[in-house]
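I have placed the structure first, in the form of structure tokens, so that the comments after it can refer back to it.
What you see is a predicted model; the values in this text were computed from it and never measured. Proteins get letters first, then strands, A, B, ... in listed order; numbering begins at 1 in each. Basis for what follows: all heavy atoms, side chains included, without hydrogens, waters or symmetry-related copies.
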Amino acid sequence: MPELPEVETVRATLEPVLTGRTITHIDITLPRLIKNATVEAFSKALSGCTFTAVGRKGKYLRLCTDGSSDLLVHLRMTGSLIYDAAGNNRPKTAHIVFHLDKGLLYYCDVRTFGCLWLAKPGEKTGISGYDDLGPDANSSAVTADYLREKMKASSRTVKSFLLDQTVLAGLGNIYVDEALFLAGIRPSRRCNHIGKERTQRLAKAIHTVLAEGIEYGGTTIRDFVNGSGREGENQENLAVYGREGTPCKTCGTLIKYVKQGGRGTHYCPHCQH
DNA sequence: TAACACCTGTAA
DNA sequence: TTACAGGTGTTA
């Protein structure tokens, strides 16, 4: 479900309502979602803690507390975190319920791929995947020069390169396909065969599609909702993702769908080379 | 680098 | 009935 713009939308909707709220107790009906603590340790570490901020790194949410541990969350495919001020609207798929001094925070997940961890405050958490993240894909660290250095040395396809969270954090299947369309680059192209000018276009395209995704509150194809339970609007703006068989918005050629590296991949055979 | 695994729901 | 889905970690 969620890539950087979706996770950022969740962060932005949760931070104002969660900051200052205190966890009284936690109901856990699916313990395996908690990856680095027992149910008992998890509940004990967080109960009584007050949320101080909601952060994001790549596709990870970090709910900071005034206690000895922060709560780290990855939504994977279908996870969602929803704040319910009235506390009377528990979704069927809520597997973990944080009871707060005012309202409830639900962790919901249809496919139950999501992950929750206790994280010690500070940069390094010991959680692999999180500690290894590259710079945020929408940050100023992701420049044409940064990409160029990495791409020159890589014979991978540009799609698999951009999906690698250790290279840059936050891109997923939708925004990679969209960025490559904007940059006019085929997903199957090898990184080291892409020149300087096209790399510049790619860097710019990544920032453009992510900024637009955030501006429109994320992309809802099926499941995505923000921290208030509302869907995004960015699906209206997609140029290629999910548009296979329909005309390219630029040239009218039909958008193609192929499997690449196990992922559904969408591109315009006329505009992208 | 590709297949498979983790799961459930929906659409073809 | 089968294929597929905003992700990622492990295995051949």
Note to self: Taking Glu3(A)'s backbone N and O only, do any of them form a donor-acceptor pair with Glu6(A)'s side chain (distance below 3.5 Å, no angle check)?
What the structure shows: yes

Q) Which part of the nucleic acid does Gly172(A) contact within heavy-atom distance under 4.0 Å: base, sugar-phosphate only, or nothing? A) sugar-phosphate

Separation of dA5(C) atom P from Leu238(A) atom CG, nearest Å, is 15 Å

Whether each nucleotide of nucleotides 5-12 of chain B has a protein heavy atom under 4.0 Å at its base (B), only at its sugar-phosphate (S) or at neither (-) is summarised, 5' to 3', as -BBBS---

message = Counting only side-chain nitrogens and oxygens, does Gln165(A) get under 4.0 Å of the OP1 or OP2 atom of dT8(C)?
response = yes

Worksheet entry | Distance between P atoms of dT11(C) and dC7(B) (Å, rounded) | 16 Å

Partner of dC7(B) under the Watson-Crick or G-U wobble criteria, both distances under 3.5 Å, comes out as none

From NE2 of His74(A) across to C1' of dT8(C) the rounded distance in Å is 7 Å

What is the nucleic acid contact for Tyr175(A), judged by heavy atoms within less than 4.0 Å: base, sugar-phosphate only, or nothing?
nothing

Considering only heavy side-chain atoms of Tyr241(A), the closest of dT8(C), dA5(C), dT1(B) is dA5(C)

**Message:** So Tyr130(A), base contact, sugar-phosphate only, or nothing? Heavy-atom distance under 4.0 Å.
**Reply:** nothing

Glu244(A) CD to dA5(C) P, in whole Å, measures 8 Å

Under 3.5 Å, is there a donor-acceptor pair between the Asp109(A) and Thr78(A) side chains? yes

Rounded to whole Å, the CZ-P distance (Arg156(A) to dT1(B)) equals 8 Å

Under 3.5 Å side-chain donor-acceptor pair for Arg62(A) and Tyr130(A)
yes

* Parallel, tilted or perpendicular: rings of Tyr257(A) and His266(A) (30°, 60°) -> perpendicular

In whole angstroms, the gap separating P of dG7(C) from CG of Leu168(A) amounts to 13 Å

Side chains of Asn173(A) and Tyr241(A): any donor to acceptor distance under 3.5 Å? no

In Lys57(A), Arg56(A), Lys59(A), the residue satisfying salt bridge (charged side-chain N to carboxylate O under 4.0 Å, His left out) with Asp136(A) is Arg56(A)

Glu197(A)/Arg201(A) ion pair, N-O < 4.0 Å: no

